[in-house]
Amino acid sequence: MTAHIISGTQLSQQIRADVTQRAAALSAQGKQPGLAVILVGENPASQVYVRNKVKACEDCGFYSVLEKYEAELSEAALLAHIDRLNQDPKINGILVQLPLPAHIDANKVIEAIAADKDVDGFHISNAGLLMTGQPLFRPCTPYGVMKMLESINYPVRGANAVVVGASNIVGKPQAMLLLQAGATVTICNSKTRDLGYHTRNADILVVATGKRNIVTADMVKPGAVVLDVGMNRDDEGKLCGDVDFANVKEVAGYITPVPGGVGPMTITMLLVNTIEAAERT
Ligand code: NAP
């Protein structure tokens with residue numbers, strides 16, 4: 001059996017077409033949706049990510065602002081910039097690209113973003129709203145994974161879902177979203193004793209560790225849906241995920257590729273969160 005490939009690129013195109021229409025409708029009422037992206041320092045991967053996010057905004061007809069600061073920017077100065085954007089009526093969403101330089105407390109920065117402009121969904125009050133089943137903003141990557149499951153009409157309710165990785169930005173909110181959709185959820189982390197024991201029981205397997213080939217074909221239940229969040233480089237420097245794609249696709253029922261899978265969906269869901277914020281104003 002060869003798995004059906006869930007293309008994040010194709011699904012993104014459909015969702016972005018809808019976002020573009022909604023943005024045009026808002027702009028016609030003088031309420032063009034606006035996203036501000038803040039980048040501190042010269043991290044090369046972050047520079048690519050913010051460029052892609054700003055371009056995606058422009059392609060959908062958003063107003064977008066990219067504020068770039070040197071790595072030496074003080075925490076106080078960054079908080080002041082966030083405060084200014086919190087007050088700016090043209091801005092519906094604020095995103096601070098992580099990681100931040102070591103002298104800046106990322107938690108403090110995230111908490112400084114107005115919760116109703118926190119389009120990344122990382123603010124503690126948004127994490128709490130998600131946890132209690134009343135989400136305002138869902139973190140973009142796990143939200144994108146849920147959209148991918150929806151796109152194949154997967155019956156999440158009652159399914160065994162295993163999330164490998166327990167970070168605040170991917171693994172934990174992913175587990176919450178799956179739980180709220182009715183799945184029975186297991187979360188694995190680096191201390192998990194026998195990862196394969198858990199993954200082999202998964203109807204839905206989400207992998208978000210940053211460890212290349214952590215999931216191999218013998219760890220996957222035949223017919224399972226495998227959603228690969230990881231972004232790594234292989235020996236030739238090419239982008240790859242956490243899953244041994246070539247072999248796992250022979251066992252799984254559905255699988256997401258890297259690149260072209262969860263990655264494009266993450267940016268798409270940022271656009272969705274921003275348009276929803278603009279529509280709420
Ligand atoms: P992170 O903060 O480093 O968290 C990694 C998680 O994986 C941790 O919970 C860690 O466990 C767990 N882990 C590490 N080794 C493990 C192992 N051997 N077995 C089981 N669990 C293990 O990373 P992240 O921010 O969640 O990102 C994870 C990956 O997704 C990275 O490759 C990142 O680049 C990628 N990513 C992609 C997108 C996208 O748009 N496609 C978005 C965000 C992230 P502990 O909690 O025990 O440390």
Side-chain angles (χ1 to χ4, degrees), residues 5-9 11-12 15-16 37 43-53 55-56 95-100 106-107 110 119-122 127 130 137-149 161-178 185-202 205-216 218-220 226-234 237-245 248 255-273:
I5 308 287
I6 309 175
S7 166
T9 310
L11 183 56
S12 283
I15 298 173
R16 288 184 198 196
V37 179
N43 181 317
S46 294
Q47 296 203 13
V48 175
Y49 296 149
V50 298
R51 233 187 357 254
N52 290 343
K53 287 169 185 173
K55 180 170 185 314
L95 180 155
V96 178
Q97 185 65 43
L98 302 176
L100 287 166
N107 286 327
I110 292 166
V119 283
D120 258 339
F122 297 162
L130 177 63
F137 293 110
R138 297 158 184 85
C140 302
T141 302
Y143 194 8
V145 166
M146 297 309 290
K147 285 282 169 199
M148 291 176 118
L149 287 168
V162 175
V163 180
V164 186
S167 69
N168 288 337
I169 64 168
V170 188
K172 285 183 201 161
Q174 185 70 72
M176 280 302 132
L177 288 170
L178 286 162
V185 184
T186 302
I187 311 175
C188 300
N189 61 26
S190 64
K191 294 98 184 168
T192 298
R193 288 205 186 105
D194 182 352
L195 188 59
Y197 167 80
H198 296 283
T199 59
R200 272 189 289 277
N201 192 37
L205 178 59
V206 183
V207 191
T209 65
K211 299 275 175 329
R212 189 182 150 204
N213 290 342
I214 196 168
V215 169
T216 48
D218 59 310
M219 296 165 73
V220 174
V226 179
L227 302 123
D228 189 354
V229 177
M231 287 205 296
N232 310 296
R233 295 276 163 192
D234 68 12
K238 284 200 289 199
L239 200 61
C240 66
D242 288 356
V243 172
D244 174 10
F245 181 83
V248 170
I255 191 166
T256 63
V258 179
V262 176
M265 288 301 291
T266 296
I267 299 188
T268 298
M269 300 324 289
L270 171 70
L271 301 170
V272 170
N273 278 345

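Source: prediction; values computed, not measured. Just so you know, ligand 1 is whichever comes first in the structure, and atom 1 is the first atom listed for that ligand. Residues take their numbers from the sequence shown, with the count starting at 1. Computation of the quantities below employed the complete heavy-atom set of this structure, encompassing side-chain atoms and omitting hydrogens, waters and symmetry-equivalent molecules.
- Not a single side-chain hydrogen bond (donor to acceptor under 3.5 Å, both in side chains) links Asn52 to another residue, sequence neighbours left out.
- With a 4.0 Å cut-off on non-hydrogen atoms, Thr209 touches ligand 1 through its backbone as well as its side chain.
- The shortest heavy-atom contact between Val220 and Val248 is CG2-CG1, 3.9 Å.
- Of all the heavy atoms of Thr192, none lies under 4.0 Å from any atom of ligand 1, so neither backbone nor side chain is involved.
- Qualifying side-chain hydrogen bond (donor to acceptor under 3.5 Å, both in side chains) partners for Thr268, counting only residues two or more places apart in sequence or in other chains: Ser12, Arg16.
- Here is the list of ligand 1 atoms found below 4.0 Å of a heavy atom in Gly210: 28 (C), 29 (C), 31 (C), 32 (O).
- Taking a 4.0 Å cut-off on heavy atoms, Gly171 fails to register as neighbouring ligand 1.
- When each atom of ligand 1 is checked for a heavy atom of Ile214 under 4.0 Å away, the hits are 16 (C), 17 (C), 18 (N), 19 (N).
- Below 4.0 Å from some heavy atom of Lys191 lie the following atoms of ligand 1, by number and element: 45 (P), 47 (O).
- Protein heavy atoms are found less than 4.0 angstrom from atom 41 (N) of ligand 1.
- Among Val229, Thr256, Val262, Asn168, the residue whose heavy atom lies nearest to atom 30 (O) of ligand 1 is Val229.
- Residue contacts with ligand 1 for Val258 are absent, since no atom lies close enough (heavy atoms, distance under 4.0 Å).
- Atoms of ligand 1 lying under 4.0 Å from at least one heavy atom of Val170, given by number and element, are 26 (O), 43 (C), 44 (C).
- In this structure, the side chains of Leu130 and Leu177 come closer than 4.5 Å at one or more pairs of heavy atoms.
- Across all their heavy atoms, Pro139 and Pro173 have their closest contact at CG-CB, 3.7 Å.
- Those atoms of ligand 1 that come under 4.0 Å of a heavy atom in Thr266, given as number and element, are 39 (C), 40 (O).
- Within ligand 1, counting atoms from 1 as listed, the ones closer than 4.0 Å to a heavy atom of Gly165 are 6 (C), 7 (O), 9 (O), 12 (C).
- If you number the atoms of ligand 1 from 1 as listed, the ones under 4.0 Å from a heavy atom of Ala166 come out as 6 (C), 8 (C), 9 (O).
- Closest heavy-atom approach to atom 47 (O) of ligand 1 within the set Ser190, Gly241, Gly230, Pro264: this belongs to Ser190.
- Which of Met231, Met265, Met269 comes nearest to atom 32 (O) of ligand 1 through a heavy atom is settled by distance: it is Met231.
- Within the 3.5 Å criterion, the main-chain N or O of Lys211 finds a donor-acceptor partner in the side chain of Asp242.
- Partner of Val229 under the side chain to side chain contact (heavy atoms under 4.5 Å, CB included) criterion, chosen from Val207, Thr266, Val206: Val206.
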